[in-house]
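Predicted model only: the values in this text are computed from it and were never measured. Quick note: residue numbers are just sequence positions, from 1. All ligand and atom numbering here is 1-based and tracks the order in the structure.
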Amino acid sequence: MERVLNITVNGRKISKLVDCELSLLEFLRDELHLTGTKKGCGKGECGACTVILNGKAVTSCIVPVMRADNGVVTTIEGLAQGGKLSPLQEQFILKGAIQCGFCTPGMIMSAKALLDVNPDPSREEIKEALGGNICRCTGYQPIENAVLSAAEIMRKGEK
Ligand code: FES
Ligand code: FES
């Protein structure tokens, strides 16, 4: 069955006829070609597909696309502004928090959802917020360091 989906993605309002069977992840990658969001397990277990839907980090592989109807979605493509990377993106690079990079978009989106509501998180709070995101490369500590450092930069207002 197809229905019209109304959605705002990275600030862009979209109205599109979609197959209701699609997941939000399939819609973002296959229909909008926003391939920064990755598909890992496809079962809600690895966090690679994390995006922000209505202010909350969600694993988009298990969100039916129509659940995002009239919703607001931010993906990794929505973070850089005017060609400048966001503090989180920059700090992931600078702190060695990226190796193969497959987990990175999901990690950054989970971290952004945290910092949006808690601008000064402890390392424990960061661990908890990123608990659903699996990284097979970095050992997590550089990722936590990157989030701590981005939070500090954002608090100082250096956007
Ligand atoms: S691909 Fe969605 S949680 Fe793994
Ligand atoms: S950098 Fe490779 S899975 Fe995280």
Side-chain angles (χ1 to χ4, degrees), residues 5 7-10 12 14 16 18-80 84-118 121-154:
L5 171 78
I7 190 168
T8 301
V9 179
N10 299 333
R12 180 177 144 222
I14 296 163
K16 205 171 186 321
V18 295
D19 178 350
C20 296
E21 300 289 305
L22 290 181
S23 66
L24 177 58
L25 174 64
E26 289 166 326
F27 173 73
L28 292 170
R29 288 184 57 89
D30 302 341
E31 304 278 322
L32 301 187
H33 309 294
L34 293 173
T35 53
T37 306
K38 302 302 178 202
K39 181 176 179 184
C41 66
K43 296 182 194 161
E45 290 168 5
C46 74
C49 64
T50 304
V51 300
I52 298 179
L53 169 61
N54 299 330
K56 294 221 162 76
V58 297
T59 44
S60 61
C61 68
I62 55 166
V63 174
V65 70
M66 290 314 294
R67 207 187 297 159
D69 195 24
N70 296 313
V72 176
V73 172
T74 307
T75 71
I76 190 73
E77 289 90 346
L79 296 196
K84 188 175 181 330
L85 293 178
S86 69
L88 271 169
Q89 289 169 305
E90 262 174 9
Q91 293 307 307
F92 265 65
I93 295 167
L94 294 174
K95 300 287 179 195
I98 304 174
Q99 286 186 31
C100 81
F102 197 81
C103 71
T104 310
M107 284 287 183
I108 290 180
M109 297 318 291
S110 289
K112 175 169 169 45
L114 170 68
L115 298 188
D116 284 348
V117 295
N118 179 1
S122 65
R123 188 177 287 273
E124 280 312 308
E125 288 170 325
I126 292 169
K127 273 188 191 161
E128 197 181 315
L130 301 185
N133 293 78
I134 293 172
C135 177
R136 302 200 307 185
C137 308
T138 64
Y140 299 101
Q141 207 170 338
I143 292 174
E144 294 154 24
N145 293 342
V147 179
L148 283 167
S149 171
E152 193 182 337
I153 290 168
M154 289 161 77

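- Nearest heavy-atom pair, R67 versus I62, reported as atom, atom and distance to 0.1 Å: NH2-O, 4.4 Å.
- In this structure a side-chain-to-backbone donor-acceptor pair under 3.5 Å is missing from S60 to L24.
- Counting all heavy atoms, side chain and backbone alike, F102 lies closest to G40 at CE2-CA, 4.0 Å.
- By the criterion of a separation under 2.8 Å, the protein N/O/S atoms near atom 2 (Fe) of ligand 2 amount to C100 SG, C137 SG.
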Would you please test E77 and T75 for side chain to side chain donor-acceptor pair (under 3.5 Å) and show each step? CA-CA 5 Å; E77 289 90 346; T75 71; 2.6 Å; yes
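- Using a cut-off of 4.0 Å between Lys/Arg side-chain N and Asp/Glu carboxylate O, E90 and K84 are scored as salt-bridged.
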Passes side chain to side chain contact (heavy atoms under 4.5 Å, CB included), Y140 versus I134? Steps please. CA-CA 9 Å; Y140 299 101; I134 293 172; 4.1 Å; yes
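- Side-chain atoms of L130 and S110, non-hydrogen and from C-beta on, do get closer than 4.5 Å to each other.
- For atom 2 (Fe) of ligand 1, the count of nearby protein N, O or S atoms, meaning those under 2.8 Å away, is 2.
- Dense packing is recorded around CD of Q99, with more than 12 heavy atoms of other residues, nucleotides or ligands lying under 6.0 Å away.
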K112 vs D116, test: side chain to side chain contact (heavy atoms under 4.5 Å, CB included). Steps then yes/no. CA-CA 6 Å; K112 175 169 169 45; D116 284 348; 3.1 Å; yes
